[in-house]
Number of protein chains: 2
Amino acid sequence: MALDRKDLAILAELTTNARASHAELASKIGLSSTALARRQKTLEDEGYIQAYQATLDLAQFGLTTTVLVRIALESQSDDALKAFEAEVVKCPSVVRCFLMSGTDDYILIVLARDIQDFERIHRTELSRLPRVARVQSSFALREIVNRAVPTVVFGEAKR
Amino acid sequence: MALDRKDLAILAELTTNARASHAELASKIGLSSTALARRQKTLEDEGYIQAYQATLDLAQFGLTTTVLVRIALESQSDDALKAFEAEVVKCPSVVRCFLMSGTDDYILIVLARDIQDFERIHRTELSRLPRVARVQSSFALREIVNRAVPTVVFGEAKR
DNA sequence: TCTCCTTGGGAACGCCGACGCGCATCTTGA
DNA sequence: TCAAGATGCGCGTCGGCGTTCCCAAGGAGA
């Protein structure tokens, strides 16, 4: 299935405005509400739209500190990876975790209230992870870009 | 303003189901639809809920490769940072960019179709960024955790 | 040219969300 | 202990929205 410019416009709008009504979207894009509803439903059924989710203002919850954590394991054996991954998904302050190529084994993104709070997280969550050889933390001083979807997606009209 | 367990339950549900109807949420949480609507509106007005956005399946668009890019600048002068940041926000394949403490200056998260595509991005987007001294890329082999909101948020009932 | 298929648009119906009102509960102060 | 305000909840109404059906227009292929 190929997406045309109108489909991409719908996606672009819904990624910033998931609650927009059909009539609202239709007038912005230049379609009737019926036609728009059909296209939106198709985009959902085909899997382009995965879900609709509310975005929370994490600063409102005091989570203003982002930390990138590099973790190297004692060994890269399969059961070491499995054991680590089974535990890291349980860490409540971890929002992302990647298995990486190169020297570092895993990279985590952790959200904390402040540096003292990260010390607590390091003690109660990170240091309890199994098979860990080395933990190295870097603090984000500022966030310059934060997009859920790369803008390149919205410029790929096929027809 | 303090949030109780019901507020957190509403937030938890909306982060996975932003289009859930009031009646649907109400029965899950144990409230009437009116009471739920009021609480939801309060959460929006107080800024806890920032927006409602559709989540796209990026794999459906062929974006299956995540790359972490470390970028060091020639200098850390204020205008070097400003010049870099003004350009990096324009890169269509960049989804996250942090100014970091420690040795590396910036860390970017880039989405690409594959390794060849990342070579193109490196050539057309990253290498054109100003004041860059060094670029170091690491590929994510697998994603273990990907949460928009840390689960710790939903366990902070104040009353 | 005829037919099939796709896509857009209009109208009716049913449901949902927004709003105002009244009631119950809890708290504050004398 | 009692009164008064605040807070939270449920019910009912009304307007708007989504859903569905039907029909029209345009393009592709035999």
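To find a chain, count down the sequence lines: A is the first, B the second, and so on, and within it residues start at 1. In this text, all values refer to a predicted model and were calculated from it rather than measured experimentally.
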A.B. asks: Tell me the interatomic distance from R19(B), atom CZ, to dG17(C), atom P, rounded to whole angstroms.
C.D. replies: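 One finds 12 Å between P of dG17(C) and CZ of R19(B), rounded.
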A.B. asks: Whether R131(A) engages the ring of F84(A) as a cation-pi pair (distance to the six-membered ring centre under 6.0 angstrom, angle to the ring normal within 45°) should be assessed.
C.D. replies: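 Because its charged atom misses either the 6.0 Å distance or the 45° angle limit, R131(A) does not stack over F84(A).
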A.B. asks: Could you list the residues that satisfy ring-ring contact (aromatic ring centres under 6.0 Å, His included) with F118(B), not counting sequence neighbours?
C.D. replies: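 Here the qualifying residues are F139(B).
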A.B. asks: Take the protein atom OH of Y52(A) and the nucleotide atom C1' of dG18(D), then report the distance between them rounded to whole Å.
C.D. replies: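 Spelled out: OH on Y52(A) to C1' on dG18(D) is 13 Å.
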A.B. asks: In this structure, how many angstroms lie between the P atom of dG18(D) and the CD atom of E44(A), rounded?
C.D. replies: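 After rounding, the gap between these two atoms is 12 Å.
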A.B. asks: L3(B) CG to dG8(D) P: how many Å, rounded?
C.D. replies: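 In whole Å, dG8(D) P lies 12 Å from L3(B) CG.
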A.B. asks: Using the rule side-chain contact (heavy atoms from CB on, under 4.5 Å), only one of I121(A), T66(A), T64(A) pairs with L111(A); which is it?
C.D. replies: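 The passing option is T66(A).
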A.B. asks: Show the numbers, then the answer: is there a side chain to side chain donor-acceptor pair (under 3.5 Å) between T15(B) and Q53(A)?
C.D. replies: CA-CA 5 Å; T15(B) 51; Q53(A) 50 189 36; over 6 Å; no
A.B. asks: To the nearest angstrom, how far is Q40(B) atom CD from dC19(C) atom P?
C.D. replies: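 Answer to the nearest Å: 13 Å.
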A.B. asks: Just the rounded figure in Å: distance from P of dG20(C) to NZ of K41(B).
C.D. replies: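 Distance check: K41(B) NZ to dG20(C) P gives 12 Å.
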A.B. asks: Less than 3.5 Å apart, any donor N or O on the side chain of R134(B) or Q136(B) sitting next to an acceptor on the other?
C.D. replies: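 Yes.
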A.B. asks: Five pairs per end, C1' atoms only: what is the angle between the end axes of the helix from dT1(C)-dA30(D) to dA30(C)-dT1(D), to 10 degrees?
C.D. replies: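 Inter-axis angle at the ends, rounded: 30°.
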A.B. asks: Heavy atoms under 4.0 Å is the rule here; annotate nucleotides 10-17 of chain D 5' to 3' with B where the base is hit, S where only the sugar-phosphate is, and - elsewhere.
C.D. replies: BB-----S
A.B. asks: Any non-hydrogen side-chain atom of T42(A) less than 4.5 Å from a side-chain atom of D45(A)?
C.D. replies: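 They are not in contact (no side-chain heavy atoms under 4.5 Å apart), so the answer is no.
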A.B. asks: Could you state the atom-to-atom distance from CG of D45(B) to P of dA18(C) in whole Å?
C.D. replies: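 Atom CG in D45(B) sits about 11 Å away from atom P in dA18(C).
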A.B. asks: Please determine if a side-chain N or O atom of R39(B) lies less than 4.0 Å away from the OP1 or OP2 oxygen of dC9(D).
C.D. replies: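 R39(B) to dC9(D) OP1/OP2: side-chain N or O found under 4.0 Å.
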A.B. asks: So, Q60(B) side chain and E46(A) main chain: donor-acceptor pair closer than 3.5 Å or not?
C.D. replies: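 Such a contact is found between Q60(B) side chain and E46(A) backbone.
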A.B. asks: Would you call E44(B)-K41(B) a salt bridge at under 4.0 Å N-O?
C.D. replies: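 Salt bridge flag = no for K41(B) with E44(B).
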A.B. asks: Which whole-number value in Å describes the distance from L25(B) CG to dC16(C) P?
C.D. replies: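 The distance from CG of L25(B) to P of dC16(C) comes to 13 Å, rounded to the nearest Å.
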A.B. asks: In Å, rounded to the nearest 0.5 Å, how long is the span from CZ of R96(B) to CG of L68(A)?
C.D. replies: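 The CG atom of L68(A) is 9.0 Å from CZ of R96(B), to the nearest 0.5 Å.
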